[in-house]
There are 2 protein chains.
Amino acid sequence: MTKIQKVAELAGVSTATVSRALAGKTSVSPATRVRVEAAAKQLGYVVSAAASSLASGRTRNVGVVTPILTSWFYTTVLKGAQRALADSGYDLTLYLLDTNPGSDLPHASNPRRRQLFEDFLQRKRVDALLAISLELEQEELDHVRRLDKPVVGLGGPLPGVPTLSVDDRAIARLATDHLIALGHTQIAHIGGNPDFELDFHLPSNRRDGYEDALVAAGIPTEPLMVRSADFTIAGGYDATLQLLGDPRVHPTAVFAASDEMAIGAILAARDLGKSVPGDLSVIGIDGHELGGFFGLTTIDQHPEAQGRRAVEVLLAEIESGSPTPEPDNTYLPHDLVVRKSTSAPAPVVSD
Amino acid sequence: MTKIQKVAELAGVSTATVSRALAGKTSVSPATRVRVEAAAKQLGYVVSAAASSLASGRTRNVGVVTPILTSWFYTTVLKGAQRALADSGYDLTLYLLDTNPGSDLPHASNPRRRQLFEDFLQRKRVDALLAISLELEQEELDHVRRLDKPVVGLGGPLPGVPTLSVDDRAIARLATDHLIALGHTQIAHIGGNPDFELDFHLPSNRRDGYEDALVAAGIPTEPLMVRSADFTIAGGYDATLQLLGDPRVHPTAVFAASDEMAIGAILAARDLGKSVPGDLSVIGIDGHELGGFFGLTTIDQHPEAQGRRAVEVLLAEIESGSPTPEPDNTYLPHDLVVRKSTSAPAPVVSD
DNA sequence: TTGAGAATTGCAATCGATTGCGGATGCATC
DNA sequence: GATGCATCCGCAATCGATTGCAATTCTCAA
């Protein structure tokens with residue numbers, strides 16, 4: 001393999017100059033820079049990441065930790081992050097953090113988590129860390145802080161760490177208000193169950209926003225109108241089945257905390273012979289790629305942009321070297337996208 | 001940060017011994033090993049990846065290149081790969097390779113691809129490379145070969161590189177035979193379009209298997225029964241709409257080249273008022289997590305196991321240092337999973 | 001022409017491990 | 001007690017860059 005020495009010889013300069021020229025630093029004359037670049041190109045020289053890291057302390061690599069991979073939202077965030085990183089010449093190292101939901105064990109006893117925080121992250125392999133929808137325990141947070149590297153949380157509340165997230169409560173309120181504005185008063189909500197609370201705070205935030213809207217509109221809340229599911233299509237389907245089959249409630253609209261659950265709700269309604277939006281309006285959250293296909297009204301939270309944005313914050317922090325340029329939490333934009341799954345409720349048939 | 005020097009002092013040995021003890025090598029007495037491990041633990045010592053790589057030439061990091069991220073199959077393979085790697089103490093660096101399908105430009109002019117092959121992969125950051133469903137151009141293959149590192153292709157035909165894949169032709173034949181055995185003779189196929197051929201060879205393999213089965217059963221092939229789509233739910237939906245709306249053909253069964261397209265087919269049939277499997281049997285390929293939900297008969301190709309398996313091959317090659325232990329291509333197992341989307345065709349109504 | 005100050009460049013130390021080679025030690029055998 | 005053979009361990013070179021500091025060259029005004 002060609003090393004910097006060869007390039008230096010060919011260009012007739014020292015290795016120090018080659019290093020500086022290739023790093024795009026100032027204090028290299030334009031003429032020299034051109035010569036070095038030509039030499040490097042001719043030899044097909046590419047810096048050795050290991051040597052560069054060791055000498056400089058920078059790796060040009062960012063770690064991304066995600067709890068889930070097989071869900072559109074997460075992979076889309078990941079995609080945005082990887083694109084943004086690649087565009088800046090950075091690598092992305094992917095860490096998967098199983099959360100075994102339902103388990104009562106503290107995370108510290110989950111070997112995969114221990115391995116990640118005590119071993120992988122301590123190897124000084126990453127310049128920064130992007131934590132997606134992650135809730136960490138104290139000990140884990142300590143490990144992260146020990147890294148002394150930029151960390152950004154996306155979506156999850158990480159104390160002491162700058163976070164980016166959409167305003168879940170406001171989004172939920174907007175979604176519910178959309179239904180209320182259409183004339184609905186019997187509005188159900190499908191959201192997270194307590195097991196999920198462990199890692200995502202959003203379920204309760206979204207439920208709060210839902211209740212905010214009802215209260216503001218003077219609509220009484222009804223516990224039976226709130227069902228929990230696991231954010232998947234199947235989960236949303238099942239929850240909707242339970243909801244529509246319960247004789248004690250008569251929802252005309254459903255606000256699902258994710259598009260996948262909303263899609264499940266649409267499928268369930270159809271299977272029960274109810275038309276959407278005629279018999280049941282459905283609204284979700286995410287901006288799922290299948291939203292258009294299902295005609296789903298939703299609130300787009302631009303996940304790919306979230307990934308990109310998080311990387312930008314991280315890279316800015318790396319480049320500047322300053323500790324915490326961002327305030328505690330920054331809200332990301334969201335947009336109501338009205339399609340065909342919501343409409344005014346059917347007029348009440350009085351019998 | 002604690003470095004190896006500190007550990008050596010605390011344990012009362014040389015850094016060489018610490019290195020050997022922690023690497024689990026022989027030629028360290030059990031007593032010393034224990035002492036070193038205790039010292040390392042007490043100090044919270046973790047090797048510096050950069051220093052270790054530079055000195056040893058090994059990075060404990062594997063690059064994974066995938067063309068798509070927002071598809072269940074790919075993320076599931078990725079999940080399997082990352083788990084297997086983590087279990088062996090390896091990192092996974094994720095590279096996303098856009099293929100801008102439909103573009104006529106050679107890959108070499110795609111800046112993202114150039115960047116990957118000429119820059120990222122040459123940095124000596126990875127010990128091995130896992131290429132998922134990738135077809136490379138000559139120049140790109142040369143770059144990969146220059147790496148002189150283990151490479152395994154998963155699903156795509158990579159000349160000169162050991163590959164793992166399911167036997168697409170056999171799978172397609174099995175799927176079609178399943179329909180034939182149920183009594184179907186009017187069997188449609190939804191597969192890839194030529195644009196996709198660029199990167200995945202499977203579409204034509206699967207179509208070949210489909211035709212093999214028809215020919216073997218003495219059923220004439222009918223071009224109008226073959227439709228192309230982009231492997232997504234929406235694509236499968238649309239293709240099925242076209243298929244069922246065409247008065248020139250009357251399929252009683254559809255074999256879709258992916259579960260997502262099969263799901264789209266089911267949804268399309270429903271929207272047209274046809275029952276599945278009563279009016280239309282549907283079978284897919286993949287083993288998608290939603291298969292159970294939709295009652296989809298499919299051929300499971302165990303994608304998570306594929307990712308795991310590919311990593312095992314790669315790691316074995318790394319550890320052994322031998323060049324190409326695997327033969328050119330190894331077939332991975334698949335299983336027919338019969339659910340409720342396939343049945344015998346309705347008896348023909350003669351009028 | 002000269003000197004000050006700025007712009008370039010090179011020297012050499014440094015980053016933190018790994019590992020070939022040789023020396024020391026331990027044990028068994030004669 | 002000497003010899004032979006393993007086993008265990010340490011010395012020091014090495015991996016391939018980066019970068020502080022000092023030296024050199026250049027620029028321009030006086």
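By convention in this document, chain letters (A, B, ...) are assigned in the order of the sequence lines, proteins followed by strands, and residues within each chain are numbered from 1. Quantities reported herein were computed from a predicted structural model and do not represent experimental measurements.
- At least one cation-pi condition fails for A/R114 and A/F117: the charged atom is not both under 6.0 angstrom from the six-membered ring centre and inside a 45 degree cone around its axis.
- B/R125 and B/T59 get closest at one heavy-atom pair: O-OG1, 3.2 Å.
- Between B/T15 and B/S56, the residue anchored closer to the 5' end of DNA chain D is B/T15, taking for each the nucleotide with the nearest heavy atom.
- D/dT18 atom P lies 14 Å from atom NZ of A/K3, rounded to whole Å.
- In this structure, the CG atom of A/L22 is 12 Å from the C1' atom of D/dT18, given to the nearest Å.
- The distance from atom OH of A/Y95 to atom CD of B/Q82, rounded to the nearest 0.5 Å, is 9.0 Å.
- Comparing C/dT18, D/dG16, D/dT18 by their closest approach to the side chain of B/A55 singles out C/dT18.
- When the C1' atom of D/dC15 is taken as reference, atom NZ of B/K124 falls 10 Å away, rounded to whole Å.
- Between B/L43 atom CG and C/dA17 atom C1' there is a gap of 16 Å when expressed in whole angstrom units.
- Under a 3.5 Å cut-off, the side chain of A/E140 and the backbone N or O of A/E137 do form a donor-acceptor pair.
- At the phosphate of C/dT19, OP1 or OP2 sits under 4.0 Å from a side-chain N or O atom of B/R58.
- Taking atom CG on A/L54 and atom C1' on C/dC15, their separation rounds to 4 Å, with Å as the unit.
- Remark: B/D87 engages A/R112 in a salt bridge (Lys or Arg N to Asp or Glu O under 4.0 Å) (not counting sequence neighbours).
- Taking side-chain N and O atoms only, B/Y45 has a distance below 4.0 Å to OP1 or OP2 of C/dA17.
- Here the C1' atom of nucleotide D/dA12 and the CD atom of B/Q5 are 13 Å apart, to the nearest Å.
- The distance between atom CD1 of B/I4 and atom P of C/dA17, rounded to the nearest whole Å, is 5 Å.
- Taking CG from B/L69 and CD from A/E304, the interatomic distance works out to 10.0 Å, rounded to the nearest 0.5 Å.
- The CG-P distance, from A/D127 to D/dT18, rounds to 13 Å in whole Å.
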Please set out all donor-acceptor pairs under 3.5 angstrom arising from side-chain atoms of residues 144-159 of chain B, sequence neighbours excluded.
{"unit_1": "B/R145", "atom_1": "NH2", "unit_2": "B/P159", "atom_2": "O", "d": "3.3"}

Listing time: all N or O pairs from protein to nucleotides 5-9 of chain C that are below 3.5 Å?
{"unit_1": "C/dT9", "atom_1": "OP1", "unit_2": "A/S29", "atom_2": "OG", "d": "3.2"}
{"unit_1": "C/dT9", "atom_1": "OP1", "unit_2": "A/T32", "atom_2": "OG1", "d": "2.4"}
{"unit_1": "C/dT9", "atom_1": "OP2", "unit_2": "A/S29", "atom_2": "N", "d": "2.9"}
{"unit_1": "C/dT9", "atom_1": "OP2", "unit_2": "A/T32", "atom_2": "OG1", "d": "3.2"}

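- When each of C/dG16, D/dT19, D/dA12 is scored by its nearest atom to the side-chain atoms of A/S19, the top-ranked nucleotide is D/dT19.
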